[in-house]
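Some notes on the structure that comes next.
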Protein chains: 2
Amino acid sequence: MLYDLLIQNIKKNIALSKSELESICTYFTPKQLAKKEFLLTQGSICKFEGFVLEGCFRIFTIDKKGNENTLYFATKDWWLMDIDSFTNQTPSDLNIQALEDSHIILISKEDKAKLYKNVPSTEKLFRIMSQKAIVAWQRRLIRNNSLTAKERYFHFTNTYPDIVTKITDKQIASYLGITHEFLSKIKKSN
Amino acid sequence: MLYDLLIQNIKKNIALSKSELESICTYFTPKQLAKKEFLLTQGSICKFEGFVLEGCFRIFTIDKKGNENTLYFATKDWWLMDIDSFTNQTPSDLNIQALEDSHIILISKEDKAKLYKNVPSTEKLFRIMSQKAIVAWQRRLIRNNSLTAKERYFHFTNTYPDIVTKITDKQIASYLGITHEFLSKIKKSN
DNA sequence: TGATAAAGTTGAACTAGTTCAATAAAAGTA
DNA sequence: TACTTTTATTGAACTAGTTCAACTTTATCA
């Protein structure tokens with residue numbers, strides 16, 4: 001079923017009743033995106049929180065020098081949003097682009113508020129999810145400061161072998177914080 | 001009063017009743033730390049979540065090469081913990097050290113669980129706090145990848161002028177992800 | 001107060017990673 | 001199928017940041 005993956009994702013974080021899980025699902029609506037299509041562009045307001053059922057996305061910024069900086073990739077079972085823009089309804093710094101034909105489910109800001117109200121245990125759910133995300137961001141930061149580009153590259157390919165098959169080296173480089181030319185040299189050196 | 005700062009901190013995130021706020025405070029116990037004293041050391045389990053009333057702390061790791069990597073500094077009005085170790089009661093990767101005589105309040109894992117149960121709105125409070133933290137970590141990561149060391153140094157000193165007065169250049173360097181020798185050269189170059 | 005440790009500075013040699021430009025390979029499109 | 005655009009590779013010159021070592025300044029504390 002459409003919402004099975006979402007239910008499994010929730011269950012990884014918290015034990016909820018069947019009726020709670022079913023209720024949560026009703027707040028999400030499906031959406032398809034074609035390859036290269038943008039779900040969010042820098043400067044616009046993030047009106048949804050998304051969850052990937054199928055496909056792959058890249059979440060990235062473009063800085064003043066024109067360089068792309070990839071924050072993360074989201075495939076099946078990942079969440080998708082600009083938390084800041086979604087929460088405060090302010091212009092986003094992020095771009096979210098489908099890297100292949102993709103299938104997601106979305107919840108709007110208004111429905112998210114209703115969800116918190118009508119299914120109070122979702123507060124705990126999203127608290128736990130957020131706390132796990134903090135840990136992941138902290139670890140990424142430490143890796144960026146303590147590992148070489150080569151070590152980071154191998155950490156990435158070992159940790160996300162499934163994502164690696166869906167993205168270009170240029171995109172990996174923008175995730176690792178190096179130029180794609182240097183990534184090419186890293187790959188050759190081993 | 002002892003808990004005024006905590007109450008103000010909570011109010012920045014969520015509107016709670018006076019009784020809820022007072023109830024929350026009862027779960028926290030005060031603790032003093034002398035300069036250089038550790039609240040948490042790498043390998044041990046984080047048994048508390050802390051909030052700084054006075055003083056300054058450094059949260060850092062030491063990697064395999066022996067290099068220190070500062071995750072953040074916490075002064076008055078900052079939270080203090082290893083979320084991962086606290087949540088899962090697993091050995092911590094982090095060190096938390098007082099940089100001056102400090103005054104904090106702590107809540108244990110058991111009391112935090114009781115707090116969530118007895119004051120359900122704290123789920124929302126900590127969800128909101130966690131989401132703000134994610135935004136901050138994401139921005140830091142983007143800055144690290146898109147700014148030069150010199151730009152990061154000035155961003156840090158402009159953003160946290162109060163913290164700068166309490167820490168050494170060596171500690172700033174370990175936060176910026178550069179050597180202290182290079183930081184010294186950055187400072188001279190301007 | 002003086003002694004000792006720690007932090008900060010400086011310079012020279014080095015290296016990880018960048019920049020630019022040219023070319024090759026692959027993917028998208030008609 | 002050929003044409004165009006994007007991605008990947010490679011080399012040479014460069015630069016941001018490191019390493020090491022010597023020295024100076026500032027904290028610490030008995």
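Order of the sequence lines fixes the chain letters, A, B, ..., with proteins taken first and strands second; residue numbering starts at 1 for each chain.
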Notebook entry, point to check: Cation over ring, B:Lys31 on B:Phe48, under 6.0 Å and within 45°?
Noted result: no

Notebook entry, point to check: Rounded to whole angstrom units, what separation is found between the CG atom of A:Leu99 and the C1' atom of D:dT6?
Noted result: 14 Å

Next item on the list: Can you tell me the distance, in whole Å, between the NZ atom of B:Lys187 and the C1' atom of C:dT10?
Entry: 14 Å

Note to self: Could you tell me how far apart A:Tyr153 (OH) and C:dA16 (P) are, to the nearest whole angstrom?
What the structure shows: 19 Å

Next item on the list: Begin from the C-alpha positions of B:Leu71 and B:Tyr175 and carry the test side chain to side chain contact (heavy atoms under 4.5 Å, CB included) through to its verdict.
Entry: CA-CA 6 Å; B:Leu71 212 47; B:Tyr175 175 93; over 6 Å; no

Checklist line | Nearest-angstrom distance from the residue atom CZ of B:Arg58 to P of C:dA6 | finding: 14 Å

Notebook entry, point to check: Thinking salt bridges, do A:Asp162 and A:Lys76 make one under a 4.0 Å N-O criterion?
Noted result: no

Margin query: Any side-chain N or O of A:Lys188 below 4.0 angstrom from OP1/OP2 of D:dG11?
Written below: yes

Note to self: So if I take every side-chain heavy atom of B:Thr168 and compare against C:dG8, D:dA8, C:dG17, which nucleotide ends up nearest?
What the structure shows: C:dG8

Check: Once you round it to whole Å, what is the distance between P of D:dA16 and NZ of B:Lys150?
Finding: 10 Å

Check: B:Asn145 CG to C:dA16 P: how many Å, rounded?
Finding: 19 Å

Checklist line | Atom pair distance, as rounded to whole Å: NZ in B:Lys170 and C1' in C:dT9 | finding: 14 Å

Note to self: Whether A:Glu20 and A:Lys124 form a salt bridge (side-chain N of Lys/Arg under 4.0 Å from carboxylate O of Asp/Glu) is what I want to check.
What the structure shows: no

Checklist line | 5′-ward residue of the pair A:Ser184/B:Ala149 relative to DNA chain D | finding: A:Ser184

Note to self: Measure CG/B:Leu176 against P/D:dA16 and give the value in whole Å, please.
What the structure shows: 17 Å

Next item on the list: Report yes or no: is the cationic atom of A:Arg127 (NZ for Lys, CZ for Arg) closer than 6.0 Å to the six-membered ring centre of B:Tyr116, at no more than 45° off its axis?
Entry: yes

Check: How would nucleotides 18-30 of chain D be written as a contact map, 5' to 3', with B for base contact, S for sugar-phosphate-only contact and - for no contact, using protein heavy atoms under 4.0 Å?
Finding: BBB-------S--

Next item on the list: Answer yes or no: is there a donor N or O on one side and an acceptor on the other, between the side chain of B:Lys109 and the main chain of B:Thr87, under 3.5 Å?
Entry: yes

Next item on the list: Using the six-membered ring of A:Phe86, assess whether NZ or CZ of A:Lys112 lies under 6.0 Å from its centre and within 45 degrees of the ring axis.
Entry: no

